[in-house]
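Every chain is numbered from 1 and lettered A, B, ... according to where its sequence line falls, protein lines coming before strand lines.
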Number of protein chains: 2
Amino acid sequence: MTARRPTVYDVAERAKVSIATVSFAFTRPDQISATTRERVLGIAREIGYMPSASARGLARGKTGALGLHSFDLLIERPQTREPVDPVGEAGGAAPDPGASFVPWDDAGDEFLADPRAFPLYVDEVQRGFELECRANGRPIMLSSGSGTTTSVAESAGRVDGLAIFPGPSAATTLAQVSLKMPIVLFSTPPGEDGHHRVLADNAGGMRELVTHLVTDHGITSLGFVGALRVADYRERFEAFRETLTDLGVAAPDEPLDDSLLGEDLGYTAVIEALRAGTLPRALVCASDQLALPLLDLFAAEGVRVPDDVVVTGFDGIFAGRLSTPSLTTVRQPMEAMGRTAARLLMDSSRSPSAEPAVVRLGTKLVVRASCGCAA
Amino acid sequence: MTARRPTVYDVAERAKVSIATVSFAFTRPDQISATTRERVLGIAREIGYMPSASARGLARGKTGALGLHSFDLLIERPQTREPVDPVGEAGGAAPDPGASFVPWDDAGDEFLADPRAFPLYVDEVQRGFELECRANGRPIMLSSGSGTTTSVAESAGRVDGLAIFPGPSAATTLAQVSLKMPIVLFSTPPGEDGHHRVLADNAGGMRELVTHLVTDHGITSLGFVGALRVADYRERFEAFRETLTDLGVAAPDEPLDDSLLGEDLGYTAVIEALRAGTLPRALVCASDQLALPLLDLFAAEGVRVPDDVVVTGFDGIFAGRLSTPSLTTVRQPMEAMGRTAARLLMDSSRSPSAEPAVVRLGTKLVVRASCGCAA
DNA sequence: TTGTACGCGTTATCAC
DNA sequence: GTGATAACGCGTACAA
């Protein structure tokens with residue numbers, strides 16, 4: 001079954017033409033006579049020939065694909081169990097002869113797909129990227145990897161342009177690799193590296209949010225939750241402070257709690273403040289993913305949100321609609337960000353001259369229950 | 001900036017070694033002396049060299065990547081507006097010099113990310129595929145395309161194995177292309193084409209659902225909504241009939257309504273029955289995506305669900321949790337299906353001898369409000 | 001341990 | 001309109 005894949009030579013031989021003709025039949029249909037074209041195409045289909053993208057990419061100098069690389073900021077939840085083994089015994093009522101049957105496993109489908117785990121910030125951006133590429137017939141190369149230079153490089157070798165979700169280790173790694181192709185960095189402040197940027201208007205969004213809390217709710221005691229190591233969070237914190245100052249409200253010099261996603265989500269500082277009775281009236285979290293577990297924590301501790309303390313997020317992921325109370329947040333236009341990145345890549349691989357672009361996308365305040373607005 | 005991408009020759013020249021040594025430095029680090037290796041690696045990093053995946057794939061005969069191809073069954077919603085143009089004027093409060101600012105646009109972010117549009121069946125399967133590939137350090141090639149043979153072929157040339165979401169046109173197209181690599185077909189009944197299969201236990205799930213409706217709710221009048229052109233739907237309908245027959249309930253010979261996703265979602269037959277007052281007590285939909293708009297329709301018509309008519313779905317997508325009433329359905333283990341496909345591909349590219357596998361994965365009945373169970 | 005030379009499957013540039 | 005043939009960049013026997 002898995003014979004060698006047919007090549008142009010195979011087709012050429014059986015069609016009694018040269019390999020050039022075979023190639024033309026596919027790429028320049030009007031340069032050869034209709035009859036030979038039909039014959040060649042027929043043979044090709046018959047023997048299951050399809051051009052090798054590797055060879056084509058090598059010859060043409062470009063692959064046609066766009067890449068999306070994640071410096072592991074999306075934390076793979078520990079797999080508690082062995083992945084499904086398809087070669088297992090045929091249990092259950094397997095109707096297909098020779099089929100293996102894998103029984104339902106609650107653990108394998110966390111809580112019937114936990115919205116806290118799946119459609120996250122990156123997933124929605126990725127989707128936008130995919131949609132735009134799809135609309136333009138561009139294949140997408142998805143890759144991920146941590147610190148090592150090679151992981152980026154490896155995927156970079158397969159594509160004509162690369163969009164990157166930066167992680168903590170991204171900065172140093174990217175600095176080493178001076179990638180010779182168009183690059184878009186998501187959620188990274190402008191810099192001198194010549195790469196494009198696509199990011200949300202963190203400052204504007206945070207300003208709207210804080211203004212809402214202060215002006216509409218009359219809150220004058222606010223704390224920030226989030227680590228400043230993340231560039232987006234840093235921008236949000238800065239805007240948090242500036243807005244408070246502008247509104248004449250005391251602004252903290254630093255975050256109340258710098259719990260970081262995936263590392264320690266202990267909220268130790270929050271808990272400490274809770275015990276000490278020094279919790280601010282509102283906790284402004286740097287992201288939804290930081291805010292949602294905090295809601296759990298407060299629920300477990302008997303602290304009522306928003307009555308005892310107001311909690312807000314940032315990003316606008318799905319899970320924020322389902323939490324109790326639902327989460328007041330700032331929505332990033334994630335799909336648009338993904339689309340923008342893809343277009344940037346396609347444009348600049350067409351005209352490599354262009355200056356590196358920095359695109360900020362506007363955000364939107366989404367008022368829900370956790371600030372005390374909705375029921 | 002975008003000079004030619006450096007090659008092994010560039011590195012070799014500057015490092016005063018041969019290209020073989022450069023290659024070894026990357027692929028067989030222990031075959032060469034530490035000093036030369038360091039020197040080579042240093043130069044490589046310095047000039048921004050990265051191996052070309054095209055050339056490597058060509059030389060090695062395999063690319064290392066796995067593919068996921070969608071025959072456009074995921075319907076791209078028509079883009080009502082022009083995609084975001086990053087080169088737009090710098091409006092708003094753009095803090096970055098030279099940056100473009102794209103204001104928030106409600107239309108560009110449908111209803112703050114509509115769960116009806118995004119995490120669908122295919123998205124969750126894709127996610128499983130991604131997770132498994134990521135865990136094994138395998139890049140993923142995402143592609144999509146309709147009828148034409150070339151679209152599958154094109155992506156097929158880039159990967160060592162291909163998982164496929166079949167669409168209406170898939171069968172004929174795939175028959176023409178006898179792809180010479182491991183292939184996994186999702187949600188496709190077993191066949192003689194030598195491809196692997198990964199699908200849900202449609203029959204078991206439907207049996208559970210129908211039994212619940214008949215036994216627990218005492219319903220004896222049921223109709224099926226869904227077109228039999230879709231293989232999954234066909235299996236579900238068959239099980240629907242068989243279960244009813246087994247339970248001694250009259251089973252319809254054919255679906256009440258064969259609205260098909262993306263084509264006409266008119267539910268003409270349902271509406272007709274509604275007008276005529278001949279609506280069955282329960283409408284069993286072939287999928288959630290078929291059931292949810294039906295809920296809308298009934299709401300608009302003043303028909304109460306589940307009081308006047310019971311509606312159920314199949315798949316267990318997110319949106320079914322958010323609808324009013326929430327949707328009783330059968331959950332497919334989509335992440336597990338994606339993971340299984342990836343493993344199948346990796347295993348069979350290692351040992352091409354293996355028989356084509358058929359893996360059925362168990363489903364789970366999810367009882368919610370639309371059948372009258374939950375409040 | 002390192003260098004030489006060939007092959008991988010296409011595309012593209014020439015001749016014919 | 002069609003056929004030789006030279007790149008394309010890398011892996012790898014084989015030789016040194």
Any T21(A) side-chain N or O less than 4.0 Å from OP1/OP2 of dG3(D): yes
Aromatic contact between F26(A) and Y49(A), with the criterion being ring centroids under 6.0 Å apart: yes or no? yes
Student check: side-chain heavy atoms of V17(B) and R39(B) closer than 4.5 Å: yes
Starting at CZ of F24(A) and ending at P of dC14(C), how long is that distance when rounded to a whole Å? 12 Å
Quick check for you: among dT11(C), dG9(C), dG11(D), whose closest atom lies nearest to any side-chain atom of A59(B)? dG11(D)
Comparing P51(B) and I32(A) on DNA chain D - which has the more 5′ nearest nucleotide: I32(A)
If we only count heavy atoms from C-beta on, is the E46(A) to R14(A) side-chain gap below 4.5 Å? yes
Are any of S33(B)'s side-chain N or O atoms less than 4.0 Å away from OP1 or OP2 of dT2(C)? yes
Check the distance between dA7(D)'s C1' and K62(A)'s NZ and give it to me in whole angstrom. 18 Å
NA contact type, V17(A), heavy-atom cut-off 4.0 Å: base, sugar-phosphate, or nothing? sugar-phosphate
For the pair made of CD1 in I19(A) and P in dT5(D), what is the distance, rounded to whole Å? 11 Å
Heavy atoms, side chains only, cut-off 4.5 Å: are Y121(A) and M337(A) in contact? yes
Can you figure out which of dC8(D), dT4(C), dG9(D) approaches the side chain of S52(B) most closely? dG9(D)
For T188(B), does its backbone N or O pair with a side-chain atom of R197(B) as donor and acceptor, under 3.5 Å? yes
Check the distance between dT10(C)'s P and F26(A)'s CZ and give it to me in whole angstrom. 9 Å
Given atom CG of L58(B) and atom P of dC8(C), what is their separation to the nearest angstrom? 9 Å
Does R28(A) place a side-chain N or O at less than 4.0 Å from the phosphate oxygens OP1/OP2 of dA12(C)? yes
From NZ of K16(A) over to P of dG3(D), roughly how many Å is that when rounded to an integer? 12 Å
Phosphate OP1/OP2 of dG11(D): any S23(B) side-chain N/O under 4.0 Å: yes
Using OP1 and OP2 only, check whether a side-chain N or O of S18(B) sits under 4.0 Å from dG3(C). yes
Is R56(A) near enough to dC8(D) that one of its side-chain N or O atoms lies under 4.0 angstrom from OP1 or OP2? no
Whole-Å distance separating the CG atom of D10(A) from the P atom of dT10(C): 9 Å
Check the phosphate of dG1(D) against T36(A), side-chain N and O only, distance under 4.0 Å to OP1 or OP2. Yes or no? no
Examine dT10(C): is either OP1 or OP2 under 4.0 Å from a nitrogen or oxygen in the side chain of T27(A)? Give yes or no. no
In whole angstroms, how far is the P atom of dG3(C) from the CD atom of E13(B)? 13 Å
Does Y9(A) have a side-chain nitrogen or oxygen under 4.0 Å from the phosphate oxygens OP1 or OP2 of dA4(D)? no
Quick note, V8(B) side chain, CB onward, closest among dG9(D), dT2(D), dG3(D) is dG9(D)
Decide yes or no for H196(B) and D347(B): does some side-chain heavy atom of the first lie under 4.5 Å from some side-chain heavy atom of the second? no
